[in-house]
Enquirer: 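Here's a structure for you.
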Number of protein chains: 2
Amino acid sequence: MLIIASILDIARLAGVSKTTVSKVLNHQYGVHEETRKKVWQAAAELHYTPNIAARALVTSKTGVIGVVYDSFKSPIYNELAGQLESQAQKLGIHLVFCSCNQQQASKLHYIQYFMGGAADGVILFGSAEDDDPVIERLMAVKFPFVVIEHRYDQLQVPNVLVDNVGGAKQAVQYLYKLGHRHIAHVTGNLRHQVAVDRYNGFKEAMQTLGLEPASDDFIHTDGSIGCGQLAAQALLERKERPTALFVFNDLIAYEMIDELHRAGLRIPEDMSVIGFDHLVGLLSFKPGIHNLTSISQPLEKMAHAAMDMIMSVVSGQMPEPISQQFKPVLQEGGTCQKRELHS
Amino acid sequence: MLIIASILDIARLAGVSKTTVSKVLNHQYGVHEETRKKVWQAAAELHYTPNIAARALVTSKTGVIGVVYDSFKSPIYNELAGQLESQAQKLGIHLVFCSCNQQQASKLHYIQYFMGGAADGVILFGSAEDDDPVIERLMAVKFPFVVIEHRYDQLQVPNVLVDNVGGAKQAVQYLYKLGHRHIAHVTGNLRHQVAVDRYNGFKEAMQTLGLEPASDDFIHTDGSIGCGQLAAQALLERKERPTALFVFNDLIAYEMIDELHRAGLRIPEDMSVIGFDHLVGLLSFKPGIHNLTSISQPLEKMAHAAMDMIMSVVSGQMPEPISQQFKPVLQEGGTCQKRELHS
DNA sequence: TTGTAGGCGTTATCAC
DNA sequence: GTGATAACGCCTACAA
């Protein structure tokens, strides 16, 4: 039922051979002006659409890079998507995105789809701990890929990431300078490398400062929507509360602030809160009570680096350096407050 | 350099023919148990990845539906993406998303990519007025597609949409019942059908109620980030202000509220505001001062309908009905207030 | 300047 | 149960 015309159809209509049509459609050299016109006219008339499957089959190039997400739900991913798009547009290549909705099987399927000729390379986004089979697979067949957010210390994997450990340390040091001594950490899903890194950064910074967080100064979440409410409730139940919170990311921080607020706590008077990601700019259109203090990621630079990397991997050379780490920056908002030390 | 194994490689390693390998990998019937085992083992050993380009070439089926956005920037699109993903997962098919960043040329390229064998059909998202060449193209070659948000009264185009005219009318009637008589409308980008429909709905409802909006009761925006600030400033400059605003969408409404607030106006005491899209649920993690009153779209139902439609179009039959319209629902928040009539 | 022929990796038809 | 062989639509030597 589909009436997509092929080169052969054009050739017949224009009264020339397939080769000539192909030449006109691509290289455009060594063809008579007359013939060329006829071919273009026939192509237009037939609404010719090149079959990229067939073309990819013979050239093994599609001009497309696939991007695989864990989920479309996180605003930070969306922001990065926009940045990647801009870069891609400049480079004249095209990006297609997909989300595996946290399902590993689905992720593998998409990878296969891309490996099997739908893309020249993939950008993997996220740091789920069970990503390893996917990475192994890609490495085994030497399919071009770049990872964003995950960290591979052993393997030679092209990746761009943010120094999450350092970012967490910055947060702790900042709170310390403000006079806070009892600081709690609300973790993300520790099955993701990002969450582990921020967790470790927190612990290290605390130890360096001579502070020993108690076990209940770690409030664990799974990073899902609504987990901030639960975390806040857990916090509220304690008799002795910390004076400051370093929260895995802004989403959770906002959720917690909302819940703490509801319970009558004032931010930052009763509790200082610092997040991660610095989504405040992104959400500026929604006027909030609080302008969250947060650690920001240089998304534009990261997108740029990731695109450069994938392009060079696709063209056959390992990027130099193979891994790029970016420094996050603390952005002061209005959710942290100085604290007198004689508390 | 890529070392992706083919069926031929497996055949050699397993000591059988290509045909047999193909049978094992797909149909799984009429092959000896012994042989089957050998083939699977060889496939695993070689990290076999089917070449979907080649497969698509002969079967003209990919199991993938392409989704084309105007932009990744709008939160409502993301929400819908999530819904579509859920539906697709249930149906066992895969979705890849791309955004043309408002560039028509880019959109055409993606369409060609999908038409040329990367997908079995496409879902088009948005209602830019210059989409027509894309639609024409798809119709000319009878490539399966479904449109969300655009409205085609003349053409037989499979589409799902929200009754934007009706939604706008609801908003006006609601404000009228609250006692408002001087109502202004902040438009979206009128080059998009959605914006035009809401604009028309507003005008019709006003006329029906015997209210005649002045020309400066229409504040025009292009729908871009930051346009709400400008709209609010335009509003503030006027000597005689309306008592209520019907705003094209929630983003703009939030931006305006923010700006009006800054200028000392209280919402809803000094100005009632109603938006469209009902993003409040989506942004619930960021505690705001205001819980916006808004017209909500039944995104889940729409995603469901769109997926059903594209599946039936792909399988060769026109969906019945060819167009599905959904009713938006007014969700009361805290940004609209009763107004005494003796103003 | 133009045309012929071969092959990319897969599936499908039809012999053996 | 198994294996040749012919497409699918395209590109690209190489030949005319």
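Just so we're on the same page: letters track the sequence lines, and every chain starts at 1.
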Enquirer: So B:Thr35, base contact, sugar-phosphate only, or nothing? Heavy-atom distance under 4.0 Å.
Expert: sugar-phosphate
Enquirer: Separation of B:Glu34 atom CD from D:dG1 atom P, in whole Å?
Expert: 13 Å
Enquirer: Does the side chain of B:Arg137 come under 3.5 Å of the side chain of A:Thr49 through a donor N or O and an acceptor N or O?
Expert: yes
Enquirer: Go through the side-chain N and O atoms of B:Gln104 and B:Ser106 and say whether any donor and acceptor fall under 3.5 Å apart.
Expert: no
Enquirer: Ignoring hydrogens and geometry beyond distance, is a side-chain donor-acceptor pair present between A:Thr62 and A:Arg55 at under 3.5 Å?
Expert: no
Enquirer: Among A:Met307, A:Gln87, A:Gln89, which one satisfies side chain to side chain contact (heavy atoms under 4.5 Å, CB included) with A:Leu95?
Expert: A:Met307
Enquirer: According to a strict under-4.0 Å criterion, is B:Ser17 in side-chain N/O contact with OP1 or OP2 of D:dT2?
Expert: no
Enquirer: What is the ring orientation for A:His94 with B:His109, classed by angle as parallel under 30°, tilted 30 to 60°, or perpendicular over 60°?
Expert: parallel
Enquirer: What string of B, S and - do you get for nucleotides 8-16 of chain D, 5' to 3', if B is base contact, S is sugar-phosphate-only contact and - is no contact with any protein heavy atom under 4.0 Å?
Expert: BBBSBB---
